[in-house]
Amino acid sequence: DEEIPSDKKKAIAMYDAYIEFYQTCIKEPMSDFDKEVAVHDYLIKNCVYGFPEEQQDAYDAYGVLVSHKAVCDGYAEAFFMLMTCLDIPCDIVVGTADGDLHAWNQVKLGDDWYNIDLTWDDSLPDMGDYVKHTYVNVNDDILQRTHSWQKQFYRECTADYYNFYSKRFLKYESYDDYVKRIKLQMGKNKVIEAAVRTDENTFDLSFFYNYGNISSLNYVIEDLADYKVIIVYLNLKRS
């Protein structure tokens with residue numbers, strides 16, 4: 001390996017950021033899926049959507065890893081960089097989301113490719129350590145409901161095996177089933193996530209107060225094809 005020239009200060013700063021990430025978040029042996037989630041969570045926890053002092057940095061990995069402020073291009077570039085360093089195949093996709101120019105990623109796990117959008121998983125306003133995973137490893141059918149891209153230039157993503165909620169056994173076939181089983185997630189988790197098959201848009205989640213020491217409860221609902229993703233934030237304190 002060659003040493004980074006001393007005048008390449010940005011490259012050195014990004015290298016140092018990668019080392020910090022690796023030493024903090026990667027505990028071998030880890031599966032590629034667990035490494036991917038570690039990258040996703042680290043970048044979202046350590047970056048706020050927006051523009052740093054040097055606005056151009058918002059569009060590349062430096063903005064995310066060093067300035068800790070970036071827009072979608074920066075998130076996609078940083079995710080690509082860390083996944084490449086971990087030797088996990090990854091691409092950057094350029095298209096639109098809700099009609100606006102947008103960038104996200106595709107990643108290969110096992111024999112299949114998946115879409116992942118870190119920007120759409122980073123809440124506004126910023127939520128710090130309260131990380132959600134709605135757009136971790138979704139297929140094209142799900143993503144194309146909100147995103148558009150020229151599919152002929154990118155990978156086809158049709159699998160569900162490594163979808164975050166499928167892989168973590170957080171999919172429930174009814175709301176009643178969700179209520180009965182979600183308590184298994186209770187403990188030290190700040191965010192309780194699940195994909196529930198239902199047509200409902202509002203839910204009475206007061207039953208959460210029956211579990212643990214909960215002082216406050218906030219939640220959001222997001223669409224995931226035939227499922228609703230219910231994301232519950234416990235004891236969230238706004239500054």
Side-chain angles (χ1 to χ4, degrees), residues 8 10-11 13-15 17-19 21-22 25-26 31-52 54-124 131-164:
K8 302 294 185 182
K10 284 193 172 183
M14 286 197 291
Y15 174 79
Y18 170 73
I19 295 301
F21 155 75
Y22 190 89
C25 302
I26 301 301
S31 68
D32 284 353
F33 170 75
D34 287 333
K35 289 178 180 178
E36 176 203 24
V37 173
V39 172
H40 171 278
D41 292 1
Y42 178 83
L43 295 179
I44 289 176
K45 288 178 182 179
N46 288 281
C47 187
V48 176
Y49 185 89
F51 290 89
E54 294 291 333
Q55 291 207 0
Q56 188 56 39
D57 291 341
Y59 299 98
D60 57 36
Y62 184 88
V64 176
L65 294 168
V66 182
S67 300
H68 306 297
K69 203 171 233 188
V71 295
C72 59
D73 304 76
Y75 282 81
E77 292 280 356
F79 183 79
F80 175 81
M81 172 185 158
L82 295 192
M83 295 297 281
T84 300
C85 288
L86 293 172
D87 200 28
I88 299 173
C90 183
D91 287 337
I92 295 173
V93 181
V94 177
T96 63
D98 282 348
D100 296 322
L101 290 175
H102 191 53
W104 62 95
N105 298 93
Q106 291 180 335
V107 59
K108 187 179 183 183
L109 298 170
D111 295 326
D112 299 302
W113 284 82
Y114 298 83
N115 298 293
I116 178 169
D117 189 338
L118 274 70
T119 308
W120 274 41
D121 273 345
D122 200 355
S123 303
L124 288 172
V131 178
K132 62 188 180 70
H133 302 84
T134 307
Y135 289 93
V136 174
N137 302 339
V138 297
N139 62 38
D140 289 345
D141 287 343
I142 292 173
L143 197 68
Q144 69 186 6
R145 298 180 180 216
T146 51
H147 296 50
S148 297
W149 65 104
Q150 292 185 296
K151 294 184 178 65
Q152 68 269 28
F153 298 123
Y154 299 103
R155 313 286 182 166
E156 184 179 20
C157 302
T158 60
D160 289 308
Y161 182 77
Y162 282 104
N163 172 264
F164 180 83

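In this chain, numbering begins with 1 at the start of the sequence shown.
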* Worked verdict on W113 versus Y162 for side-chain contact (heavy atoms from CB on, under 4.5 Å) -> CA-CA 9 Å; W113 284 82; Y162 282 104; over 6 Å; no

* Rounded to the nearest 0.5 Å, how far apart are CG of N163 and OG1 of T134? -> 10.0 Å

* To do: Look at the side chain of Y22 and the backbone N and O of L82, then say whether any donor-acceptor pair between them is shorter than 3.5 Å.
  => no

* Structure fact -> Output for pair (D87 CG, K35 NZ), nearest 0.5 Å, gives 8.5 Å

* Could you tell me whether the side chains of Y75 and D122 share a donor-acceptor contact shorter than 3.5 Å? => yes

* To do: Determine yes or no for a side-chain-to-main-chain donor-acceptor pair under 3.5 angstrom, with Y18 supplying the side chain and M81 the backbone.
  => no

* Structure fact -> I19 meets the side chain to side chain contact (heavy atoms under 4.5 Å, CB included) criterion, sequence neighbours left out, with Y15, Q23

* Structure fact -> Rounded to the nearest 0.5 angstrom, the CZ-CD1 distance for F33 and I88 is 11.0 Å

* Taking all atoms of both residues into account, what is the closest heavy-atom pair of I142 and V138, and its distance? -> CG2-CB, 4.1 Å

* How would you list, by chain and number, every residue that makes a side chain to side chain contact (heavy atoms under 4.5 Å, CB included) with Q150, sequence neighbours excluded? -> Q152, F153

* Would V131 and H40 satisfy side-chain contact (heavy atoms from CB on, under 4.5 Å), going step by step from the backbone distance to the final call? -> CA-CA 9 Å; V131 178; H40 171 278; 3.8 Å; yes

* For residues L143 and W149, determine if any side-chain heavy atom of one lies less than 4.5 Å from a side-chain heavy atom of the other. => yes

* Do the side chains of W104 and I116 get nearer than 4.5 Å, heavy atoms only? -> no

* Asked: What pair of heavy atoms forms the shortest contact from Y42 to A17, and how long is it?
  -> OH-O, 4.0 Å

* Structure fact -> C72 and L101 have their tightest heavy-atom pair at SG-O, 4.4 Å

* Asked: Around I92, counting heavy atoms of other residues, nucleotides and ligands shown, do more than 12 lie under 6.0 Å from its CD1?
  -> yes

* Could you check whether the rings of Y135 and H147 sit parallel, tilted or perpendicular, using 30° and 60° as the cut-offs? => tilted

* Structure fact -> Smallest heavy-atom separation, A103 atom then D117 atom, equals O-OD1, 4.4 Å

* Taking side chain as C-beta onward, heavy atoms only, is D73 less than 4.5 Å from D60? -> no

* **Non-hydrogen side-chain atoms of Y114 and V136 separated by less than 4.5 Å** => no

* Under a 4.5 Å cut-off applied to non-hydrogen side-chain atoms, are Y62 and E77 in contact? -> no

* **Derivation of the side-chain contact (heavy atoms from CB on, under 4.5 Å) call for Y154 and V94** => CA-CA 10 Å; Y154 299 103; V94 177; 4.0 Å; yes

* Structure fact -> Closest non-hydrogen atoms of I26 and A38, given as atom of the first, atom of the second and distance, are CD1-CB, 4.3 Å

* Are any non-hydrogen side-chain atoms of S67 and E54 less than 4.5 angstrom apart? -> no

* Asked: So do V66 and K10 actually touch side chain to side chain, heavy atoms under 4.5 Å?
  -> no

* **F21 and N46, any side-chain heavy atoms less than 4.5 Å apart** => no

* If a pair satisfies salt bridge (charged side-chain N to carboxylate O under 4.0 Å, His left out) and one of its residues is in residues 139-162, list it, with sequence neighbours excluded. => D91-R155

* Asked: Using the ring of each side chain (for Trp, its six-membered ring), is H102 parallel, tilted or perpendicular to W120, with breaks at 30° and 60°?
  -> tilted

* Locate the shortest heavy-atom distance separating P52 from A58; write the atom from each residue and the value. => CD-CB, 3.6 Å

* To do: Give, for atom NE2 of H133 and atom CD1 of I44, the distance between the pair rounded to the nearest 0.5 Å.
  => 7.0 Å

* How many angstroms lie between atom CG of D41 and atom NZ of K132, to the nearest 0.5 angstrom? -> 12.0 Å

* Could you grab the distance from atom CG of N105 to atom CE of M83, nearest 0.5 Å is fine? => 8.5 Å

